[in-house]
There are 2 protein chains.
Amino acid sequence: MRVVPSLTTPSKRAPRREPPSPKKARAPEIPASNGQVDGAGLSEAEIVRAAREIIAEVGVQGLTMRRLSNDLGVALGATYHHIATKHDLLLLVGRNLYSEVSVFVEGGTWDAKLKSLMMNQSAIIGRYPGMGNFLMTHVDELVPSDLNKTVREILVEVGFSEREMTALMGALFFYVTGMSAGGLAAATAKVFRGRNMLALFEDGLDMLITGARVRMEVDRKAKRRAARP
Amino acid sequence: MRVVPSLTTPSKRAPRREPPSPKKARAPEIPASNGQVDGAGLSEAEIVRAAREIIAEVGVQGLTMRRLSNDLGVALGATYHHIATKHDLLLLVGRNLYSEVSVFVEGGTWDAKLKSLMMNQSAIIGRYPGMGNFLMTHVDELVPSDLNKTVREILVEVGFSEREMTALMGALFFYVTGMSAGGLAAATAKVFRGRNMLALFEDGLDMLITGARVRMEVDRKAKRRAARP
DNA sequence: ACCTGAACACCGTTCAAGT
DNA sequence: ACCTGAACACCGTTCAAGT
């Protein structure tokens, strides 16, 4: 799975991309009043879309500002006119991915909802090799995300204290993102020798949620007792 | 904390390292019968030690094969004569770190032992910026480690089933390593706005272990019931 | 404002040549 | 066997110059 850049790979570069066409071949449209026609000129959204495509194919490591520009049909400098650094671009991609996770929340009970959300997140991030890794190291630059808010609402409603909630959210984030980044991807991993990685992922998730429930209930009881005279 | 390579940093390189001295200044010793005197000539162990030093100072990103060679007082090619790739070097460093985690296990009960082990791991890995991140993505190339075996023994002894154990170990790994890599490092992170990151780390750990205990006990009872006529 | 072409200062990795 | 010097094929980022 992992490409070790060594003797075995004579040239890392793909056979050769199509030469930089003088723009995306698209019907010339009447310039809209906002001055930004869909597809005419580079837009942040278009760059992010192209970046996602590349990452899905060759991972974050394979995403190169040059290759990105090539796919967009522009010179390297043009891309840099819209995005300051590769780091910024990955941040945009990350936010873009998170916005897709919380669209549909399945399940009735809070834990079912939470679980579906997390499985969803892992599935989406897992599709983009190297992204989980990046997200992990840059949590602080990525929140608050929509997903974050959604999870928060679910937990507050069932009576989680701020402290327990924060702990659970942190644990969930690192477990899910880490699994998507490292474990789930390598299905043949020997760490969890035995079977089905997805089943193991679910087991761990259940474990975490169970622990959170127990602690939450203990916390609740303690509060009720304190409230009684 | 994070160095964004941009305008603000005119030159990423440090002021200038000492010029490559014609070898580590050390007393010439009688060549031992195994042909490998301590410090004479490069050894894998010495390279790993130097690499750890650099990573501790400037992170995995700052670890450069050139800088490493410079610190070792040899040419770039010399380092490559002992280590095939940077990837391999990081693997060696990772294993080296893990070997230090499981040296002392504190606590009497299994969960206390487990917790001390995990806190220990997080402390060690947290000292080497970027390592957690690397370990995360290369779990499969790093096990079985001593730490892995130690944890396994603890869990088997208290009666964890293979399945529950694997799930817990996976969850622990990603939680602890992820936290060390992303959350714990950025003490000023807004994600866990509020307070003490270390306390939150402990809360999450407790949550995870609690969940594991509950599931383990349920599993045990089910087995006992099945055994009864 | 937006884009091109070309450069700068790095990387990891390889390799002929020396001892 | 072990090491040096120098190269190769990349990177991310910048920037004068064009339109």
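Hydrogens, waters and symmetry mates play no part in the numbers below; they use all other heavy atoms, side chains included. Below, chains carry the letters A, B, ... as their sequence lines are ordered, and counting in each starts from 1.
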Round to a whole Å and report the spacing from [atom1] of [X] to [atom2] of [N].
| X | N | atom1 | atom2 | answer |
| --- | --- | --- | --- | --- |
| B:L72 | D:dT4 | CG | P | 11 Å |
| B:D88 | C:dG12 | CG | P | 14 Å |
| B:L63 | C:dG12 | CG | C1' | 12 Å |
| A:L68 | D:dC11 | CG | P | 12 Å |
| B:H87 | C:dC11 | NE2 | C1' | 17 Å |
| A:L76 | D:dC10 | CG | P | 15 Å |
| A:Q61 | D:dG12 | CD | P | 11 Å |
| B:E44 | D:dC2 | CD | P | 12 Å |

On DNA chain D, nearest-nucleotide positions of A:M65 versus A:A78: which is more 5'?
-> A:M65
Above 12 or not: heavy atoms from other molecules or residues under 6.0 Å from CZ of A:R95?
-> yes
Are there more than 12 heavy atoms of other residues, nucleotides or ligands under 6.0 Å from atom CD of A:E53?
-> no
To the nearest 0.5 Å, tell me how far B:M65 CE sits from B:L68 CG.
-> 6.0 Å
Describe the nucleic acid contact of B:L89 in one word from base, sugar-phosphate, nothing, applying a heavy-atom distance below 4.0 Å.
-> nothing
Under 4.0 angstrom, heavy atoms only, what part of the nucleic acid is A:I83 near: base, sugar-phosphate, or nothing?
-> nothing
Side chain to side chain contact (heavy atoms under 4.5 Å, CB included) assessment of B:V151 paired with B:L168 = CA-CA 10 Å; B:V151 172; B:L168 175 57; over 6 Å; no
Between [options], which one does the side chain of [X] approach most closely?
| X | options | result |
| --- | --- | --- |
| A:T64 | C:dC2, D:dC3, D:dG12 | D:dG12 |
| A:Y80 | C:dC2, D:dT14, C:dC11 | D:dT14 |
| B:K86 | D:dC11, D:dT13, C:dG12 | C:dG12 |
| A:R66 | C:dC3, D:dG12, C:dC11 | D:dG12 |

Can you tell me which stems DNA chain D forms, taking runs of 3 or more consecutive Watson-Crick or G-U pairs with both distances under 3.5 Å?
-> C:4-8 with D:12-16, C:12-16 with D:4-8
Examine C:dT4: is either OP1 or OP2 under 4.0 Å from a nitrogen or oxygen in the side chain of A:H81? Give yes or no.
-> no
Listed partners of A:F134 passing ring pair (Phe, Tyr, Trp, His ring centres under 6.0 Å), at least two apart = A:H87, A:H138
Closest non-hydrogen contact found for B:L142 with B:G94 is CD2-C, 4.2 Å
Donor-acceptor pair, A:T177 side chain versus A:F174 backbone, under 3.5 Å?
-> no
